[in-house]
Number of protein chains: 2
Amino acid sequence: MSASTKLSASVKALCYLAETYPVPQNSRIISEKIGVNASKLRQLLSLLNNGRIVKSEKGAAGGFRLTKSPKKIDLQEIYCAIEDRKAFDLHTNDSEKNLWRSAEINNFFLGLFAEIQVDIEKKMKKIKLSDLLQKVEIQSNYK
Amino acid sequence: MSASTKLSASVKALCYLAETYPVPQNSRIISEKIGVNASKLRQLLSLLNNGRIVKSEKGAAGGFRLTKSPKKIDLQEIYCAIEDRKAFDLHTNDSEKNLWRSAEINNFFLGLFAEIQVDIEKKMKKIKLSDLLQKVEIQSNYK
DNA sequence: TTAATTGTTACACTTACCATAACAAATAAA
DNA sequence: TTTATTTGTTATGGTAAGTGTAACAATTAA
């Protein structure tokens with residue numbers, strides 16, 4: 001799953017949890033609603049659980065719930081929870097170590113891509129889940 | 001080849017052409033210098049030729065040369081030449097058309113990613129090939 | 001004790017990717 | 001005109017990554 005696909009799947013699930021709060025929703029139900037495979041969804045929701053964005057409960061009548069208001073959840077923390085961003089490896093091949101300026105130029109791009117990553121995360125930090133809910137006209141039950 | 005790998009390979013080739021200007025360099029020579037397969041390199045250089053960043057000459061003693069000063073070449077135009085950026089398709093599955101808010105949320109992300117793309121290109125527009133040459137201490141023969 | 005649910009691993013299957021090869025078209029030089 | 005060389009483009013074999021699904025242990029409420 002690409003980073004963007006994971007992010008949008010996660011956000012869809014979170015939107016649904018906002019609408020249905022505080023009733024726990026299990027992975028099968030969410031899967032049917034948002035059209036993402038239940039198993040894959042559990043993988044994502046498990047990461048969101050580790051990131052303290054949702055709380056999971058096992059057993060009968062278990063499932064997932066939001067841990068905090070959509071106003072306090074931003075896209076960057078969702079992204080961080082689901083993606084271990086390894087700062088662009090750039091396919092830096094060992095065989096090109098002794099080549100003409102390759103190392104220096106690679107370093108240049110490593111720095112550039114890291115900068116871009118920071119810019120993107122800054123932008124996502126500003127976008128709250130509540131903004132998104134409003135934009136797509138979903139009534140959240142977690143105010 | 002990923003976009004970032006293509007970009008860095010292209011830039012390495014262009015740096016080498018700046019250093020060796022105005023003598024045409026063929027794909028085999030450049031390949032040996034920068035450690036990128038000659039065939040793949042021709043694919044990239046062919047795109048840069050279409051983008052009027054290099055000029056190619058076939059036949060004996062042919063090869064590639066810069067068409068303009070590194071001061072007038074920026075990373076964004078290199079990127080545009082080698083990448084037909086199709087504005088993030090986001091794996092939007094047909095089966096999720098009638099699903100709960102999927103279309104709206106997808107559109108939100110489509111817009112967000114398009115914005116990010118614009119930001120990145122703005123940033124790359126500001127970086128000239130000459131800046132990079134200076135940073136990695138390559139003497140350009142095309143002033 | 002039971003039934004349901006998460007969390008994690010595994011597994012085919014497909015797709016994408018990468019390095020390389022191959023060869024036609026073009027062209028400068030002999 | 002002929003020859004050698006180089007680009008431009010397509011094809012290919014092998015490898016890695018991604019995708020959707022299944023399976024099942026661990027957990028937990030009823």
Side-chain angles (χ1 to χ4, degrees), chain A residues 1-10 13 17 20 22-32 34-65 67 81-84 86 89-96 99, chain B residues 1-10 13 17 20 23-32 34-65 67 81-84 86 89-96:
Chain A
M1 232 178 184
S2 71
S4 56
T5 312
K6 277 161 81 172
L7 183 61
S8 80
S10 300
L17 293 181
T20 56
V23 184
Q25 306 291 324
N26 69 40
S27 58
R28 186 179 48 79
I29 293 286
I30 306 176
S31 164
E32 287 166 2
I34 71 173
V36 175
N37 178 274
S39 189
K40 210 76 198 175
L41 206 46
R42 284 205 297 278
Q43 291 172 6
L44 288 174
L45 288 165
S46 174
L47 292 169
L48 294 174
N49 181 53
N50 295 342
R52 308 270 192 274
I53 297 169
V54 302
K55 179 86 182 63
S56 71
E57 289 173 53
K58 293 182 178 176
F64 301 89
R65 282 189 308 169
T67 58
I82 59 177
E83 206 70 36
D84 54 331
K86 55 207 167 201
D89 59 348
L90 180 46
H91 273 247
T92 167
N93 200 331
D94 286 345
S95 67
E96 57 179 300
L99 254 32
Chain B
M1 231 178 186
S2 71
S4 56
T5 312
K6 277 161 81 173
L7 183 61
S8 80
S10 300
L17 292 182
T20 58
V23 184
Q25 306 289 327
N26 68 41
S27 59
R28 185 180 48 78
I29 294 287
I30 305 175
S31 165
E32 287 166 2
I34 71 173
V36 175
N37 178 274
S39 191
K40 207 76 200 172
L41 206 47
R42 285 205 295 278
Q43 291 172 4
L44 289 172
L45 288 166
S46 173
L47 292 168
L48 294 173
N49 181 54
N50 295 341
R52 308 271 192 273
I53 297 169
V54 303
K55 179 84 181 64
S56 70
E57 290 172 54
K58 293 182 176 177
F64 301 89
R65 283 188 308 168
T67 59
I82 60 177
E83 206 70 34
D84 53 334
K86 55 204 166 202
D89 58 351
L90 181 45
H91 275 247
T92 169
N93 201 332
D94 286 344
S95 67
E96 57 179 301

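Labels below follow one simple rule: chain letters A, B, ... track the order of the sequence lines, proteins then strands, and each chain is numbered from 1. Model, not experiment: these values are computed from the prediction.
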Point to revise | Any residue meeting side chain to side chain donor-acceptor pair (under 3.5 Å) with A:E57, in chain and number order, not counting sequence neighbours | key: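 Listed in chain order: A:R65.
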Review point. How long is the span from the CD1 atom in B:I29 to the CG atom in B:L17, to the nearest 0.5 Å?
Key: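 If I round to the nearest 0.5 Å, the distance is 11.5 Å.
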Any idea which heavy atoms bring [X] and [Y] closest together, and the distance?
X     : Y     : value
B:T67 : B:K55 : CG2-N, 3.5 Å
B:I30 : B:F64 : CD1-CD1, 4.5 Å
B:S31 : B:A38 : OG-N, 3.4 Å
B:Q25 : B:V23 : NE2-O, 3.2 Å
A:A9  : A:I34 : O-CD1, 3.8 Å

Review point. Starting at the 5' end of DNA chain D and moving along, which residue's nearest nucleotide shows up first, B:R28 or B:K40?
Key: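 Looking at DNA chain D, the more 5' nearest nucleotide goes with B:R28.
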What integer distance in Å separates [X]:[atom1] from [N]:[atom2]?
X     : N      : atom1 : atom2 : result
A:L41 : C:dG7  : CG    : P     : 11 Å
A:N37 : C:dA10 : CG    : P     : 18 Å
B:I30 : D:dG8  : CD1   : P     : 11 Å
B:Q25 : D:dT5  : CD    : P     : 17 Å
B:I29 : D:dT6  : CD1   : C1'   : 12 Å
A:E32 : D:dT21 : CD    : P     : 13 Å
A:K55 : C:dG7  : NZ    : C1'   : 13 Å

Check your understanding: Which letter, B, S or -, goes with each nucleotide of nucleotides 23-30 of chain D from 5' to 3', with contact meaning a protein heavy atom under 4.0 Å?
Key -> B---BB--
Exercise for review: Give A:N26 one of three labels, base, sugar-phosphate or nothing, depending on what nucleic acid heavy atoms sit under 4.0 Å from its own.
Suggested key: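 Touches sugar-phosphate only.
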Side chains of residues 41-54 of chain B: which donor-acceptor partners sit under 3.5 Å, not counting sequence neighbours?
unit_1: B:R42; atom_1: NH1; unit_2: B:S27; atom_2: OG; d: 3.2
unit_1: B:Q43; atom_1: OE1; unit_2: B:K40; atom_2: NZ; d: 3.3
unit_1: B:N49; atom_1: OD1; unit_2: B:S56; atom_2: N; d: 3.3

**Study point:** Side-chain donor/acceptor of A:Q43 to base of C:dT9, under 3.5 Å
**Key:**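 Flag set: donor-acceptor pair detected.
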**Study point:** side chain to side chain contact (heavy atoms under 4.5 Å, CB included) partners for A:A3, two or more places apart
**Key:**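 For A:A3, the residues satisfying side chain to side chain contact (heavy atoms under 4.5 Å, CB included) (neighbours in sequence not counted) are A:Y79, A:E83.
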Check your understanding: A:S56 side chain N/O closer than 4.0 Å to the phosphate oxygens (OP1, OP2) of C:dG7?
Key ->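 Indeed, a polar side-chain atom of A:S56 lies that close.
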Exercise for review: For DNA chain D, determine which residues of residues 44-51 of chain A have any heavy atom closer than 4.0 angstrom to one of its atoms, and list them numerically.
Suggested key: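 The answer is none.
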